Peer 1: 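I'd like to ask some things about the structure below.
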Amino acid sequence: MSNLHDLLASEVVGGINEGLFTAEEYVSSILKRIEDVESKLHSFITLDSEGALSAAKIIDRKIREKEDTGELAGVTVGIKDNISTKNIRTTCASKILEDYVPSYDATVIKHLKKNGAIILGKLNLDEFGMGSTTEYSRYQPTRNPWNLDYVPGGSSGGSGAAVAARECTVSLGSDTGGSIRCPASFCSVVGLKPTYGRVSRYGLISYANSLEQIGPICRSVRDLVMMVNIISGKDERDNTSIPSSPISLKNKLGKLNVAIIKELITGSDREVTRTIYSASEKFKEIGCTCDEISIKNLHYALPSYYTLASAEASSNLARYDNIRYGFDLPVEDYKWDTYFSKVRENFGEEVKRRILIGSYVLSSGYYSKYYLKARRLRSLLRLELLTLFKKYDLLIGPTMPILPFKFGEKIDDPIKMYLVDINTVIANLAGIPAISLPVGFSNGLPIGLQIMAAPFEEQKLIDASYDLENSINIQRKTNAI
Amino acid sequence: MSLIMIGLEIHAQITALNSKLFCSCRGNYRDLGPNTNICEICCGLPGSLPVINQRAIEYSTMTSLALGCKVPDKIMFYRKNYFYPDLPKNFQITQYNVYGFSSIGVDGIYELDDAKQIRISRIQLEEDPGRIAYSEGGMNVRNSALIDYNRAGVALIEIVTEPDFTGPKEVRQFLNKLSLTLEHIGVCDTLLEGSVRCDVNVSMEGGNKVEIKNINSFREVEKAINYEITRQSSLYSRNLKIEHETRHWDDRKKITFKSRSKEEEHDYRYFPEPDIPIIVLGNDFASNLKKRMPELPNQRFERFVSKYKLSEHTSNILINDKKLADFFESTLKVYFSPTEIANFLVTDFKSLIEDDSESTDYLKNLKVKPEHIAELVKLIEGNKISRITAKDILVKIFESGMLPSEVMNNTNSYKISDEKTLMDAVQSVFDKEKSAVEDAKTNSEAINFLLGKVMKFTNGRADPKIAMRIINNKLHNPDK
């Protein structure tokens, strides 16, 4: 039983239901694994061992009493710490929410619990999801399980690392500009940013509402499909959610029209480019066409993204005034406005930077010059992509233009940091689904392929990913920990 | 006095709603313990999202139509960003008219009774903040204040007029009519505490615009305007500059005072609310709603005059008190005698209830029901009781809730039309009032005096027609 923690979600559900092992045994092995590696990785901000074990016991009782246990029975899920979990502290990796314990579960958490999944704890991120390395976490950065000197990607770095290191079966992340795909790529796991509206955002602590989605990070495409189907659906509590049909795991990929985005290839490291080209050869082998195309409005993507995301963030984060919840700061000797200023000092530097940028681009006199222009560019880009999807089923390129890098390498230069998001922000601006699939290594560092499709065409992403996963057969287990 | 221009910004809660604008907490937050009518949405807890109340859109559309506004085929919401402790998210979800989008109502015209027209610039739907309770001196003096979020998220309709009023009387007329309209379409019970609030801007020729905030009832608006006009006139006459500023109304001292904060410097950083997608109402939404909209006061007035043949005066009294008008029509359903019932309601009935008509729903707890009034009027018309007796019976019904016929029987107050009884009564009066009887033989005034005495002798129960006939007979044929 020593390697229970290595099992995929599909194997866990099967094993528990067939009585090969109990949910309690499985959760215990996961907890043991966490105990062994967590001190090196720092994936978790809050671990709920007791809650996980008691949930496991309930599953075991249901199995004994032949009750329905749900499609994810016994699967342990790590939750990015910006998703609201009832009675489990939810910090957004911010000091400003150090003591915040939500009174309600996010819709995705309700879905998971209802289907027998076990909430294991809360995973690390860049504060409020703003960053690409977890270095902006106000606790401590998470390390890359493939090489502990390297960043795991972000902002859902804890979600990527924990799954890759087998500290949990699967995890949930959130993706505002690449926050699921970046760590999926850097940690060599599969991560999906669903179509905007497929998954309810109710309970996802907003960074940039119009851009973000919750999505799963897994070690196999099969696991990913299980997760997506459970968390998707129209939610009465989220006016932006839309009904969608479930995804299935087919074995055969039809003959699809695929296009490589030229700009994303030429802007990437040589090692990355080489690996992506060889992955694209696989598409041809399966019988797909593979053109190289250009996105005319691509150079607007990054400025548009950072303008809009910061604008929305500046307003979303205004509520953190420590009146109703937050952290310990006595009010004595403060007037209202000085207390408020004192409270807001507790944001990290990157968060403050984006609040400032966001407030600036929304202020009168600058609104049309920045915010409105960014919205127009966003529409322009979306329109161009939708037109491309009339001709192509899938657009592909590297998820990240570079390999994982070392801690501290980019933290001093915000622009350098923002630039690594260039490939991923496209899908958020256009509201389309995008997946990152592990396709290779360079010097032991993972490389991910990004595949994008038209809105609600997740099925095509899954078909392609499943096929590639089988034909590339990549190394799954890291030896670094 | 130089030219005065006054504009209003009115906030009316949609008290008709069961729930708040974006969550399922109760719309009626009154009489609840502090912070007991709250949830993660109206408290702005991280991750919660607003879900728009469809009925609120209908009510605000009806309000827009009633005020002659255009209703667009699609609307959107905006965030108004500012920091205030009663605002759980530190932004308010509201509407904003910009870039081709408009709020739920724009460009309306509302006519006052003398046909003067007030332009309505816009009507928008938004959320109410919570309430702060702080002691004397305000929030900057004390280091703690209490916040109650029960009200946070309640649906508000904001009505903004152009500065078309030239004096406080027009404003009063407008507000009265507006209250009546809101009540008729069932949007807002304006008598509920805090359900309507008003900001006023006043400017005089040669001066800057002064905004007065914090006027918490329509009654106070006129006082605040009068104060402000006096203040500005006095500045003007002393050649002092009238500053562009925001002032607050102190309803205890009845003065306006300058705000400490520089509110005019606010930059609200409006932008479209990303959590509420554009709401497509469609071209037919407003016109369909108009068809099933409750009757407006003007329409009701015309119906009362034409269908019930009431006088304009009586109709006005009824319409100006919606609950009384409703009571009137309920009574008609039991017994159809519009003129008699209306007259009875606007005189005897109204004078009885006027004493405690301050309470919000005074007719609801009344023991007198339409059935009572119907029966009472039926008794009058059937010549069973006199009008004077009817009034006495009404008083008894008010106290006991008994049916008029019961009261009549219990107190023997049915009308006396029996000849023998009345002749005895007349004889008694004639015995006492000898000089008046002599007088009456030549003077008709004195005959009325004698009739009055007979009525008094019978406690108002004598049938006056029969009594009069007997008196006349007796005067001119004394031997019979």
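Note on naming: letters A, B, ... go to the chains in the order of the sequence lines (proteins, then strands), and numbering restarts at 1 for each one. The shown structure was predicted, so the numbers you read here are calculated from the model rather than taken from an experiment.
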Peer 1: Mind ranking Arg324(A), Glu236(A), Glu312(A) by heavy-atom pairs under 4.5 Å with chain B and telling me who comes out on top?
Peer 2: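 Result: the option with the highest number of such pairs is Arg324(A).
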Peer 1: With only heavy atoms counted, which part of Asp275(B) is less than 4.5 Å from chain A, the side chain, the backbone, both or neither?
Peer 2: both
Peer 1: Please classify the contact between Tyr149(B) and chain A as side chain, backbone, both or neither, with a heavy-atom cut-off of under 4.5 Å.
Peer 2: side chain
Peer 1: With a 4.5 angstrom heavy-atom cut-off, is it the side chain or the backbone of Leu204(A) that approaches chain B, or both, or neither?
Peer 2: backbone
Peer 1: Is the number of heavy atoms from other residues, nucleotides or ligands under 6.0 Å of Lys95(A) NZ greater than 12?
Peer 2: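 For Lys95(A), atom NZ is crowded (more than 12 foreign heavy atoms under 6.0 Å).
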Peer 1: Is Thr338(A) in contact with chain B via its backbone, its side chain, both, or neither, using a 4.5 Å heavy-atom distance?
Peer 2: neither
Peer 1: Measure Ile52(B) against the heavy atoms of chain A and call it side chain, backbone, both or neither at under 4.5 Å.
Peer 2: both
Peer 1: Is it the side chain or the backbone of Ile83(A) that comes within 4.5 Å of chain B heavy atoms, both, or neither?
Peer 2: neither
Peer 1: Which of the residues Gly203(A), Ser363(A), Ser315(A), Ser364(A) is involved in the greatest number of heavy-atom pairs with chain B at under 4.5 angstrom?
Peer 2: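 Ranked by heavy-atom pairs under 4.5 Å with chain B, first place is Ser315(A).
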Peer 1: Checking heavy atoms, do the side chain of Arg375(A), its backbone, both or neither come under 4.5 Å from chain B?
Peer 2: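 Interface part for Arg375(A): side chain.
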Peer 1: Measure distances from Tyr202(A) to the heavy atoms of chain B and classify the residue's part below 4.5 Å as side chain, backbone, both or neither.
Peer 2: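 Its backbone and side chain both get close to chain B.
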Peer 1: Checking Asn316(A) against chain B: side chain, backbone, both or neither under 4.5 Å from a heavy atom?
Peer 2: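 The answer is both parts of Asn316(A).
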Peer 1: Above 12 or not: heavy atoms from other molecules or residues under 6.0 Å from OH of Tyr366(A)?
Peer 2: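 Atom OH in Tyr366(A) is not crowded, with 12 or fewer foreign heavy atoms closer than 6.0 Å.
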Peer 1: To the nearest 0.5 Å, tell me how far Asn209(A) CG sits from Arg79(B) CZ.
Peer 2: 5.0 Å
Peer 1: Side chain, backbone, both or neither: which part of Phe340(A) has a heavy atom under 4.5 Å from chain B?
Peer 2: side chain
Peer 1: For Phe271(B), is it the side chain, the backbone, both, or neither that has a heavy atom closer than 4.5 Å to a heavy atom of chain A?
Peer 2: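 For Phe271(B), the contact with chain A is made by backbone and side chain together.
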